[in-house]
Amino acid sequence: MTDSQVTTTLPPQYRPDGVETPRYHQWLADGPFHARRDTENAPYVIMMPPPNVTAVLHMGQGLNNALQDVLIRFERMRGREALWLPGTDHAGIATQNVVERLLATEGLTRFDLGREAFVERVWAYVRETGQTILDQLKAIGASCDWDRTRFTLDPDYSRAVRHTFVTLWEEGLVYRGHRVIHWCPRCVTALSDEEAEFHDADGKLYQIDYPVVGQPGRSITVATTRPETMLGDTAIAVHPDHERTAWAIGARVRLPLTDIELPVVADHAVDPEFGTGFVKVTPAHDATDFEIGERHDLPMPLIMDPEGRMHDPGDSAGTRVPADLVGVDRDAARKLILERLRAEGLLGKTEPHRHAVRRCYRCGTVVEPRLSEQWFVRMEPLARPALEAYRAGRLTFVPERWGGVYENWLEGIRDWNISRQLWWGHRIPVFHCEACGEEWADREDPAACRACGGTALTQDPDVLDTWFSSWLWPFATLGWPDETPDLAYFYPGHTLVTASEIIFFWVARMVMAGYHFLGERPFETVCINGTVRDTEHRKMSKSLGNGIDPLAVVDSFGADALRFTVIAGAAVGTDVIMDPDDLEATFAPGRNFCNKLWNVGRFVLTNLEETDGEGRSRTVDDGPGRGGTGEEGEEALADAWILSRLEATTAEVTDAMERFRLNDATNAAYRFVWSELADWYLEAAKPRLRGDAPGGARAREVLRLALERALCLLHPVVPFITETLWQRLPGREGESLVTAPW
RNA sequence: GGGCGAAUAGCUCAGCUGGUUCAGAGCGCCUGCCUUACACGCAGGAAGUCGGGGGUUCGAGUCCCUCUUCGCCCACCA
């Protein structure tokens, strides 16, 4: 076969389109991604962070999943039974919001449909879109065990969630509490502390005068950033030991705009140095004030409805919210109240005030602290083993510094509000008997009251926080609470690759759940990958329009080019900067390298095919050391050199992989292929490859060996092109690199 | 208010345990080349007082202190 013939088979430019998709389908058909339970062999397990069921792949997930795929493919080639378990998360609030927005375009709300119909509607939507992101993962080459794909609302998974709740209930770790929680008036649900994110905001600090009862002309001035909550005040507080405000303790003031009288109480929570030293106390709309209220046994009227509109609580002391303010949104109410205070001469000075405001992590609405009855998990007992495990080195973070973040959070752990006033999610399995008032959590839907046998039962209307199901991911996906063979073999897992944003939401809670329910850590290493940003270092996001669609990159440059660029560019723990306006420049390194590898392959294959119709490179010993001339000595040196570089590169790549320095591993293989094999050895070998030049067989042997090893080392990073070349190697037809020995 | 990270070539970044991979890579730029694997390429080249200042050391991008500028996380001063 001549050069030109080969050239017609393998085009000089690597074109991934038309190659990658069939290749992936072949893998799916052959099944090498499916993990078997081979008790003779050690497993290696990565649980994929399940993307939101309605999501489309973004570059951050492209990076995250490319990293996971490199690790899983590496360990698979090293012979371990590698399980990468994929799946999706029902993502309570996020998914419900998406469907509610769709309904809104039809002029409907979820209440128009009713609970059952709405949930059915969400299911219909999810059934339609749920597969999208998993298909996109296939497009980037993810070697997941698709046979084990899970969804957090699967029947088995739901059973695990319910079992968890009931178990915690039985252990006394789940309880119902009446307290001020973060409330999103747009999503109309409670949020956990973690779901209410801090954002700096330029606000104003308003001073308001509260006339002192019985002392005409005298008033107490308070400072507040949220004047609209004043109507919910039930006291004024001062620091107990501060002389400037001491006179007021025990006095009574009139709540402006009302006829209600408030006491002045002394409480240590007050910072006498801030503002005026007098604090208005609104127990139902502020967590600190709630605690003051509890200590002083104050009334706790709610002055807003769940959607953040003013609402009169019907206080026995009198009207709190003037009739014309009822139903007014809290923002509008603020303006009206300020106007009215100004008109009455009770509004003091107003100064700019920069402070942190909590916003709903799903919709960005400013969170309203709200007194409410919710379900909580007592976290301290769960946190202790998770903390100890980290301190004892049984759980490590890469880079290490994230361990400090994890530790810090666990040290200051607070109880977890797990109930959400939503319809999409796992319904809280608590039942209430109308007849005798018995209330209990149950693993099965009860037909009758467990105490009196009455059949008039109601179930708690709320659902559980999405993360209350996600935290079971490492084992609920394997069949827990049943003691399945999968659970026995694949748990505990090994590596978790995820983003720093969800260390609290997800990582720490998985560790807690792992220890609490199985007595064992869910994974040993947590790799925190960087954030994908644009050239101005802004996080890529839909709203900024600075995102890069991974699938568009796959279409233009191929999955391998995407993977290579992203992996080689992602130094451990640092952010990845990409230019959404210049995809050509951004992905050129990956594309160029694939093309280089392709051409090295073409060159080697051409030479192998030229000399040996059988397909195997000749092993005839006409190699170095035979003649002993100076020229042959140089050739032998060249052979020995590239082979030694091969050894060194293999060691370097392996070591870097083991230390999760995937960029170093990738770049080491890159340097070997480009600078050493292509630029140097290939050129050095060319004279021997012409016609019947002496030493030709040996050179071909070395070339083949070098190419084969390079393909192995690069397969985890660029699986498509390496597999394609591998199967063109004489004698390798039909063999797969996926399970080739490392 | 606490904590963490970053600052190295025009751009994006490596540089791990101070010292022969220490001043590097890719992209861009300049000069030659369609040399029969690759112009998504080859050969060569220009380009950086390693953010400022101080210190430790025989020796400092590398360790310490400090300042500046960005970024992130945590936090119940209304």
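All chains are named by letter (A, B, ...) in the order of the sequence lines, taking the proteins before the strands, and each is independently numbered beginning at 1. It should be emphasised that the depicted structure is a prediction, and the values quoted were computed from it without experimental measurement.
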Requested in this report: Not counting sequence neighbours, which residues clear ring pair (Phe, Tyr, Trp, His ring centres under 6.0 Å) with A/His268? List them please.
Outcome: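 Per chain and number, A/His268 pairs via ring pair (Phe, Tyr, Trp, His ring centres under 6.0 Å) with A/His239.
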Requested in this report: Just jot down the ring pair (Phe, Tyr, Trp, His ring centres under 6.0 Å) partners of A/Tyr670, sequence neighbours excluded, or say none.
Outcome: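 Once residues adjacent in sequence are excluded, the partners of A/Tyr670 under the ring pair (Phe, Tyr, Trp, His ring centres under 6.0 Å) criterion are A/Phe564, A/Phe593, A/Trp674.
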So what does [X] hit on the nucleic acid, given a heavy-atom distance under 4.0 Å: a base, only sugar-phosphate, or nothing?
| X | result |
| --- | --- |
| A/Ala568 | nothing |
| A/Phe504 | sugar-phosphate |
| A/Glu683 | base |
| A/Leu205 | nothing |
| A/Lys539 | nothing |
| A/Ala287 | nothing |

Quick one: which of [options] gets closest to the side chain of [X]?
| X | options | answer |
| --- | --- | --- |
| A/Val270 | B/A78, B/A75, B/C38 | B/A78 |
| A/Ala678 | B/A37, B/A78, B/C76 | B/A37 |
| A/Asn599 | B/A37, B/C40, B/C76 | B/A37 |
| A/Arg401 | B/A37, B/A78, B/C4 | B/C4 |
| A/His353 | B/C38, B/A78, B/A37 | B/A78 |
| A/Thr225 | B/A78, B/C38, B/C76 | B/A78 |

Query raised in the report: Can you name the nearest heavy-atom pair linking A/Leu703 to A/Leu682, along with the distance?
Result: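 Closest approach of A/Leu703 to A/Leu682: CD2-CD1, 3.4 Å.
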Query raised in the report: When you check the glycosidic angle of B/G61, does it come out syn, meaning within 90° of 0, or anti?
Result: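 That one's syn.
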Among residues at least two apart in sequence or on other chains, which ones pass side-chain contact (heavy atoms from CB on, under 4.5 Å) with [X]?
| X | value |
| --- | --- |
| A/Ala499 | A/Glu501 |
| A/Pro719 | A/Trp27, A/Arg73, A/Asp560, A/Arg563, A/His715 |
| A/Lys335 | none |
| A/Thr574 | A/Ala571 |

Say whether [X] and [Y], considering side chains only, have a donor N or O and an acceptor N or O under 3.5 Å apart.
| X | Y | value |
| --- | --- | --- |
| A/Asp200 | A/His355 | no |
| A/Glu407 | A/Tyr390 | no |
| A/Tyr14 | A/Asn599 | no |

Query raised in the report: 5'-most contact on RNA chain B: A/Arg690 or A/Asp679, nearest heavy atom basis?
Result: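 Mapping each residue to its closest nucleotide by heavy atoms, the 5'-most match is A/Arg690.
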Query raised in the report: Relative to the 5' end of RNA chain B, which residue comes earlier, A/Glu273 or A/Asp193, by the nucleotide with the nearest heavy atom?
Result: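 Closer to the 5' end of RNA chain B: A/Asp193.
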Round to the nearest Å and state the distance from [X] atom [atom1] to [N] atom [atom2].
| X | N | atom1 | atom2 | answer |
| --- | --- | --- | --- | --- |
| A/Glu228 | B/A78 | CD | P | 14 Å |
| A/Arg533 | B/C70 | CZ | P | 15 Å |
| A/Ile413 | B/A75 | CD1 | C1' | 16 Å |
| A/Trp402 | B/C74 | CH2 | P | 10 Å |
| A/Glu584 | B/C11 | CD | C1' | 16 Å |
| A/Leu677 | B/C42 | CG | P | 13 Å |
| A/Leu682 | B/C42 | CG | P | 11 Å |
| A/Asn595 | B/G41 | CG | P | 7 Å |

Requested in this report: Taking the six-membered ring for Trp and the full ring for Phe, Tyr or His, determine whether the centres of A/Phe198 and A/Tyr361 are under 6.0 Å apart.
Outcome: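 Not under 6.0 Å, so no.
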Report task. Could I get the full list of side chain to side chain donor-acceptor pair (under 3.5 Å) partners for A/Asn667, not counting sequence neighbours? Result ->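 With sequence neighbours excluded, A/Asn667 shows a side chain to side chain donor-acceptor pair (under 3.5 Å) to no residue whatsoever.
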Report task. Enumerate the residue pairs fulfilling salt bridge (Lys or Arg N to Asp or Glu O under 4.0 Å) with a member in residues 567-586 of chain A, sequence neighbours excluded, ordered by first and then second residue. Result ->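 Only A/Arg533-A/Asp575, A/Glu584-A/Arg591 qualify under salt bridge (Lys or Arg N to Asp or Glu O under 4.0 Å).
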[N] and [M]: how far apart are their [atom1] atoms, nearest whole angstrom?
| N | M | atom1 | result |
| --- | --- | --- | --- |
| B/G51 | B/G15 | P | 14 Å |
| B/C4 | B/A75 | C1' | 15 Å |
| B/A60 | B/A23 | P | 13 Å |
| B/C74 | B/U66 | C1' | 25 Å |
| B/G71 | B/G18 | C1' | 28 Å |
| B/U12 | B/G48 | C1' | 15 Å |
| B/A9 | B/U49 | C1' | 14 Å |
| B/C34 | B/G41 | C1' | 10 Å |

Query raised in the report: Counting only distance, no hydrogens or angles, is the base of B/C40 paired donor-acceptor with the side chain of A/Gln13 under 3.5 Å?
Result: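 Answer yes: a donor N or O sits under 3.5 Å from an acceptor.
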OP1 or OP2 of [N] versus the side-chain N and O atoms of [X]: is any pair under 4.0 Å?
| X | N | answer |
| --- | --- | --- |
| A/Lys596 | B/C42 | yes |
| A/Lys686 | B/U35 | no |
| A/Arg15 | B/C40 | no |
| A/Thr574 | B/A14 | yes |

Requested in this report: Extract the stems that RNA chain B is part of, considering only consecutive pairing runs of at least three Watson-Crick or G-U wobble pairs, both distances under 3.5 Å.
Outcome: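 So the stems come out as B:1-7 with B:68-74, B:10-13 with B:24-27, B:29-33 with B:41-45, B:51-55 with B:63-67.
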Query raised in the report: With A/Asp209, which residues qualify under salt bridge (Lys or Arg N to Asp or Glu O under 4.0 Å), at least two apart?
Result: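 A/Asp209 satisfies salt bridge (Lys or Arg N to Asp or Glu O under 4.0 Å) with no other residue.
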Report task. Please step through salt bridge (Lys or Arg N to Asp or Glu O under 4.0 Å) for the pair A/Arg509 and A/Glu194, ending with a clear verdict. Result -> CA-CA 12 Å; A/Arg509 286 173 181 158; A/Glu194 292 71 31; 2.9 Å; yes
Produce the list of close N/O pairs, under 3.5 Å, pairing protein atoms with atoms of nucleotides 27-31 of chain B; give distances to one decimal.
none

I'd like a table of atom pairs between the protein and nucleotides 15-21 of chain B - only N or O on both sides, under 3.5 Å - with the distance next to each one.
| unit_1 | atom_1 | unit_2 | atom_2 | d |
| --- | --- | --- | --- | --- |
| B/G15 | OP1 | A/Arg661 | NH2 | 3.0 |
| B/C16 | O2 | A/Arg659 | NH2 | 2.2 |

